[in-house]
K.L.:
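Provided herewith is a single structure, encoded as structure tokens, for subsequent inquiry.
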Amino acid sequence: MRAGVAHVRLARPQAANAINPACARDLRAVMLAIEFDDQVKAVCVTAEGPVFCAGGDLREFDAAGDGFPRLASDMLVDYHGAIYKMNRTPKPFVAGVRGAAGGAGLSMVSAFDLVVRGESSKFTMAYARAGVAPDGTSSYFLARHIGLRRMLDLTLTNRVTGHELDTIDQVLKCYAAVTADQAAAALNIRLAYEGQSA
Amino acid sequence: MRAGVAHVRLARPQAANAINPACARDLRAVMLAIEFDDQVKAVCVTAEGPVFCAGGDLREFDAAGDGFPRLASDMLVDYHGAIYKMNRTPKPFVAGVRGAAGGAGLSMVSAFDLVVRGESSKFTMAYARAGVAPDGTSSYFLARHIGLRRMLDLTLTNRVTGHELDTIDQVLKCYAAVTADQAAAALNIRLAYEGQSA
Amino acid sequence: MRAGVAHVRLARPQAANAINPACARDLRAVMLAIEFDDQVKAVCVTAEGPVFCAGGDLREFDAAGDGFPRLASDMLVDYHGAIYKMNRTPKPFVAGVRGAAGGAGLSMVSAFDLVVRGESSKFTMAYARAGVAPDGTSSYFLARHIGLRRMLDLTLTNRVTGHELDTIDQVLKCYAAVTADQAAAALNIRLAYEGQSA
């Protein structure tokens with residue numbers, strides 16, 4: 001934490017920061033700590049490595065074999081709990097996104113209050129391709145950010161979107177970001193500062 | 001039907017595919033059949049002739065004389081039932097739209113999951129000009145697709161919108177359509193294929 | 001009133017049309033009169049002077065000293081009552097906006113059915129900078145007009161937006177306005193006329 005801004009970093013770059021049960025559990029614990037830490041005025045979320053978040057950890061899901069439905073059901077309680085806290089806690093959550101965010105990764109991106117997007121970032125829903133319905137609030141938040149039909153487009157076609165879609169990230173145009181991480185940190189410090197002066 | 005895709009075609013080009021009681025009844029029956037046909041994975045809706053749908057069949061409404069309120073009330077049960085089924089049935093509905101869609105025609109366009117739009121397509125609400133409030137879910141879905149104020153703009157001014165309004169149809173830009181019909185069919189086949197592999 | 005259009009004019013240019021208790025009370029009374037006047041088919045709202053509305057009257061709030069919470073609480077009953085009536089009354093409310101609209105001023109702008117914007121207009125939320133949460137329905141309506149995330153962006157960053165943000169005011173592009181006031185009046189007359197012919 002610096003200057004009232006908690007910095008959360010997805011730190012499994014070797015697995016493209018994919019969400020597995022341990023990661024979902026950690027995320028939930030971090031969000032709980034943030035909720036009850038009065039020193040935290042704003043939260044900045046970034047990721048290590050070239051991929052922001054590859055979505056669910058399909059390798060670990062496959063390895064679970066018949067145990068997958070139980071693993072998924074349990075993991076989603078933590079994952080949804082973490083995202084729920086992000087939205088219930090009255091502190092701004094800002095993401096700095098570099099590289100790809102797919103499936104649960106795009107869902108997480110959709111749940112932040114603000115997103116600062118790097119040149120390399122790209123997004124895809126990827127759920128229908130894996131034969132599953134979207135989790136992680138993307139169907140809710142994307143519809144509210146970019147409209148119902150564009151959410152349906154992304155959900156049904158699994159298109160990869162980046163610069164050509166300036167609708168997810170219109171917010172980002174306002175910031176002349178050197179890197180997404182720097183911009184997100186800068187933005188958070190400003191938000192935290194304004195929160196303190198209130 | 002081909003490859004899991006049901007093809008529905010508005011086929012009264014001599015009346016610009018305007019909605020009359022018989023057409024609304026047919027549409028409702030078709031949607032019911034689609035709902036309960038497990039072979040249907042996705043639905044493609046197109047229209048014959050140069051006009052997609054001119055809205056309510058004002059000529060038939062006029063001919064009904066004093067019987068119009070009863071005719072309209074009865075017809076709307078079928079029409080709204082058809083559109084309700086489109087949205088409750090968990091199968092993607094994709095329209096390929098060429099030419100004009102006005103009034104109830106634009107309402108139908110607003111209710112599809114995805115729309116592939118041809119160069120010739122143009123839209124207008126047209127309700128206020130005829131002295132009636134919008135039916136057919138356009139006030140609901142357009143607000144969710146393009147925002148509340150732009151829906152109000154279209155509803156209050158009856159502006160004809162086409163290419164200059166790239167907000168209704170931003171989805172369409174992704175597809176290099178030869179014709180809207182071909183593109184809608186291609187998209188549906190892809191959706192149906194993905195549904196089967198799930 | 002002319003031709004079924006009621007013309008409401010914010011008329012405290014010496015205070016940049018800032019909202020104080022007297023102004024909120026007047027606004028509520030005007031909206032009540034409009035609601036029950038069957039001659040009024042549409043409403044046109046403009047402002048005197050170079051600023052549309054500077055928001056709450058901070059000078060008067062400061063002067064209230066310890067009495068501020070009570071003053072604010074009472075004033076907001078009138079202000080929210082006025083905005084509630086604007087939205088419950090089934091008559092179109094159209095604003096012609098020149099110059100800045102900030103805080104409660106932007107909230108008012110967000111609550112109109114249509115907005116005709118002059119070249120000089122610019123918008124800012126300004127609430128977080130003053131240490132208060134948004135009032136006046138902006139958090140509700142802006143999210144519905146421009147999407148949830150862009151509303152959050154404006155709310156959290158207090159950015160001043162104008163031409164570079166063509167999302168609040170996409171509606172306006174349709175009208176080749178000589179001045180915002182003229183355009184709003186013209187639009188209202190058209191709306192009133194269509195209402196009468198219905």
Side-chain angles (χ1 to χ4, degrees), chain B residues 55-56 58 61-62 68-69 72 76 100 102-104 106-107 110 117 121-173, chain C residues 5 41-44 86-87 89-95 97 106 108-117 123 137-151 165-177 183-184 186-198:
Chain B
L58 298 181
F61 297 171
D62 279 347
F68 168 65
L76 285 176
L106 176 49
S107 292
S110 77
R117 178 167 104 76
S121 64
K122 53 186 178 180
F123 306 102
T124 183
M125 285 294 271
Y127 289 99
R129 186 164 292 140
V132 296
D135 59 11
T137 70
S138 50
S139 57
Y140 178 86
F141 280 116
L142 281 180
R144 272 146 195 84
H145 295 327
I146 64 175
L148 175 61
R149 185 163 281 160
R150 278 176 267 164
M151 178 279 282
L152 286 168
D153 170 36
L154 296 180
T155 303
L156 291 170
T157 67
N158 296 310
R159 278 199 304 112
V160 177
T161 76
H163 290 290
E164 102 280 6
L165 183 60
D166 65 352
T167 45
I168 286 186
D169 41 25
Q170 291 195 48
V171 164
L172 317 177
K173 294 184 170 175
Chain C
V5 178
K41 305 298 182 191
V43 184
C44 178
M86 278 171 54
N87 282 284
T89 305
K91 301 174 183 185
F93 282 77
V94 180
V97 179
L106 176 49
M108 197 195 302
V109 168
S110 78
F112 291 106
D113 295 306
L114 295 181
V115 173
V116 177
R117 177 167 104 77
F123 306 102
T137 71
S138 51
S139 56
Y140 178 86
F141 280 115
L142 281 180
R144 272 146 195 86
H145 296 326
I146 63 176
L148 176 61
R149 185 163 283 160
R150 278 176 267 163
M151 178 279 283
L165 182 61
D166 65 353
T167 46
I168 288 186
D169 41 22
Q170 290 195 48
V171 164
L172 316 178
K173 293 185 173 174
C174 330
Y175 309 101
L187 177 58
N188 268 295
I189 287 165
R190 178 176 161 196
L191 295 174
Y193 175 80
E194 293 193 348
Q196 284 171 337
S197 70

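Convention: sequence-line order gives letters A, B, ...; per-chain numbering from 1.
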K.L.:
Roughly how far, to the nearest 0.5 Å, is CZ of C:Arg144 from CZ of B:Arg149?
P.N.:
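One gets 13.5 Å once the value is rounded to the nearest 0.5 Å.
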K.L.:
Please walk me through it: do C:Asp113 and B:Asp153 pass side-chain contact (heavy atoms from CB on, under 4.5 Å)?
P.N.:
CA-CA 8 Å; C:Asp113 295 306; B:Asp153 170 36; over 6 Å; no
K.L.:
Which residues pass the ring pair (Phe, Tyr, Trp, His ring centres under 6.0 Å) test with C:Tyr140, not counting sequence neighbours?
P.N.:
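C:Tyr140 satisfies ring pair (Phe, Tyr, Trp, His ring centres under 6.0 Å) with no other residue.
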K.L.:
Measure across C:Leu114 and B:Leu152 and return the closest heavy-atom pair with its distance rounded to 0.1 Å.
P.N.:
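Smallest heavy-atom distance, with atoms named: CD2-C, 4.0 Å.
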K.L.:
So which part of C:Phe141 gets closer than 4.5 Å to some heavy atom of chain B, the side chain, the backbone, both or neither?
P.N.:
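Just its side chain gets close to chain B.
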K.L.:
Report the residues that fulfil side chain to side chain donor-acceptor pair (under 3.5 Å) with B:Ser138, sequence neighbours left out, ordered by chain and then residue number.
P.N.:
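With sequence neighbours excluded, B:Ser138 shows a side chain to side chain donor-acceptor pair (under 3.5 Å) to B:Ser107, given in chain and number order.
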